[in-house]
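Just so you know, these numbers come straight off a predicted model, no measurement behind them. Counting starts at 1 for both ligands and their atoms, following the listed order.
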Amino acid sequence: MKILGIESSCDETAAAIVEDGQKVLSSVVNSQIKIHAQYGGVVPEVAARSHIEAINPVINQALTEANLSWDEIDAIAVTNGPGLSGSLLIGTLAARTLAILKNKPFYPVDHILSHFYGNFLSNDQIKFPVLSLTVSGGHSQLVLFDDPYTSQALGSTTDDAVGEAFDKVAKVIGLGYPGGPEIEKAAKLGQIKFKFTKPKTKNQFDFSFSGLKTAVLRQAQAQIGQNHTFPSFKIADKLTKQDQLDLAASFQKTAIDILTNKTKLAYDEYQPKTVALAGGVSANKALRVSFEQNFDKVIMPDFQFCTDNAAMVAAHAYFWSKNHQPADPYDSDIKLN
Ligand code: KG4
Ligand code: ZN
């Protein structure tokens with residue numbers, strides 16, 4: 001079964017064709033990072049406009065690269081949320097229109113769960129149950145999959161997602177956008193000099209990163225000898241290079257320890273056969289190493305399938321289609337949460 005997947009939930013316009021949920025025939029990603037970098041973050045209106053320009057060429061390229069005609073496509077899948085409304089509308093409208101015009105079964109799927117299915121593109125014979133940690137710009141989530149079709153969320157984001165914390169800390173200490181890869185680079189050169197407290201959450205499997213983000217801000221202010229009334233956007237100009245690197249290293253270490261410790265708690269309680277990483281933050285090598293050191297059987301997507309892509313959407317729809325009817329493309333909405 002060959003599924004065309006479409007993804008446009010944030011700042012990547014992507015289309016991919018995946019066979020039987022595992023074999024990637026093409027995967028095209030048009031990233032808007034350069035456009036948004038000048039503003040220091042994603043500007044929703046600009047993102048939506050860029051999706052409009054990119055969506056048709058990206059879909060056509062996915063078909064060309066897979067060397068397939070529309071007749072050979074068995075179904076169309078799309079991310080219907082969560083994400084930015086203007087961005088989601090472009091991808092879902094394209095997918096709905098194509099499903100109607102080309103008369104194909106239509107499968108809208110959840111973006112966060114799709115990240116987990118990116119693992120099927122890079123790993124053979126995954127042993128279930130799988131405990132998955134999905135960490136992205138919008139979510140930090142622990143999910144238990146009994147099999148490829150059934151999952152339950154054990155815990156989720158209560159304030160800032162971990163990727164958001166990477167991005168915001170990077171901004172405060174004067175690193176570029178997106179912050180995740182910049183913090184990772186800086187952390188390699190810095191010392192883990194500062195200790196930050198780990199948050200407590202009511203549900204032990206939930207995540208909270210806003211306190212850590214503020215603690216880094218306060219430490220940065222302390223380094224330049226200013227009190228908390230000093231505007232945060234000016235801190236970066238006054239930090240020494242060494243302080244910037246040390247703050248990045250200390251923040252990253254604390255964030256990774258929080259993610260690893262929470263996953264360990266869930267691992268002890270549910271005893272899964274496999275632990276999986278997924279989502280943009282799973283591209284972080286230090287996080288990948290921490291998981292490899294702490295868990296016996298760990299899977300993670302190849303780097304290209306960590307950040308937003310459409311192959312994971314097509315893979316997700318393949319498994320979803322095994323026990324769900326296609327949706328009606330005339331009557332399908334986006335979901336924002
Ligand atoms: O999954 P994703 O592409 O988009 C969302 O669904 O949000 O994740 C994007 C997030 C951003 O916050 C970005 O800073 C983070 O993933 N990220 C990283 C790395 N690469 C991307 N965070 C830490 N280390 C990285 N190497
Ligand atoms: Zn994502």
Of the side chain and backbone of [X], name the one, both, or neither that has a heavy atom under 4.0 Å from an atom of ligand 1.
{"X": "Asp167", "value": "side chain"}
{"X": "His115", "value": "side chain"}
{"X": "His139", "value": "neither"}

N, O or S of His139 under 2.8 Å from the Zn ion (ligand 2): no

Is the Zn ion (ligand 2) less than 2.8 Å from an N/O/S atom of His111, whether that atom is in the backbone or a side chain?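 Yes, His111 qualifies, because one of its backbone or side-chain N, O or S atoms lies under 2.8 Å.
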
On the six-membered ring of Phe303, is Lys285 placed so that its NZ or CZ lies under 6.0 angstrom from the centre and within 45° of the ring axis? yes

I'd like to check which ligand 1 atoms, numbered from 1 as shown, lie under 4.0 Å from a non-hydrogen atom of [X].
{"X": "Ser136", "value": "1 (O), 5 (C), 6 (O), 7 (O), 8 (O)"}
{"X": "Glu184", "value": "24 (N), 25 (C), 26 (N)"}
{"X": "Pro181", "value": "19 (C), 20 (N), 21 (C), 25 (C), 26 (N)"}
{"X": "Gly163", "value": "12 (O)"}

Determine whether the side chains of [X] and [Y] contain a donor N or O and an acceptor N or O closer than 3.5 Å.
{"X": "Gln252", "Y": "Asn284", "answer": "yes"}
{"X": "Thr92", "Y": "Asn80", "answer": "no"}
{"X": "Thr79", "Y": "Glu7", "answer": "yes"}
{"X": "Thr157", "Y": "His139", "answer": "no"}
{"X": "Ser69", "Y": "Glu72", "answer": "yes"}
{"X": "Lys202", "Y": "Thr158", "answer": "no"}
{"X": "Asp308", "Y": "His115", "answer": "yes"}

State whether the shortest distance between N or O atoms of [X] and N or O atoms of ligand 1 falls below 3.5 angstrom.
{"X": "Thr307", "result": "no"}
{"X": "Gly279", "result": "no"}
{"X": "Glu12", "result": "no"}
{"X": "Pro178", "result": "no"}
{"X": "Gly280", "result": "yes"}

In degrees, rounded to 10 degrees, what angle do His115 atom NE2 and Asp308 atom OD1 make at the Zn ion (ligand 2)? 100°

To check your reading of the model: name the closest protein heavy atom to [atom], its residue, and the distance in Å.
{"atom": "atom 24 (N) of ligand 1", "answer": "Asn284 ND2, 3.1 Å"}
{"atom": "atom 18 (C) of ligand 1", "answer": "Gly180 CA, 3.5 Å"}
{"atom": "atom 2 (P) of ligand 1", "answer": "Asp308 OD1, 3.3 Å"}
{"atom": "atom 7 (O) of ligand 1", "answer": "Gly137 N, 2.8 Å"}

With under 30° as parallel and over 60° as perpendicular, where do the rings of His316 and Tyr117 fit, or are they tilted in between?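 Parallel: the ring planes of His316 and Tyr117 meet at under 30°.
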
Does the residue His111 have a heavy-atom contact with ligand 1, meaning some pair of atoms that are separated by less than 4.0 Å? yes

Gly138 heavy atom under 4.0 Å from ligand 1: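 Yes, Gly138 has a heavy atom closer than 4.0 Å to ligand 1.
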
Electrostatic pair Arg49:Glu45 at N-O distance under 4.0 angstrom: yes

Under-4.0 Å salt bridge between Lys253 and Asp257: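 Answer for the salt bridge query: yes.
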
For Phe209 together with Phe166, are the ring centres under 6.0 Å from each other?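 Ring-ring flag for Phe166/Phe209: false, centres at least 6.0 Å apart.
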
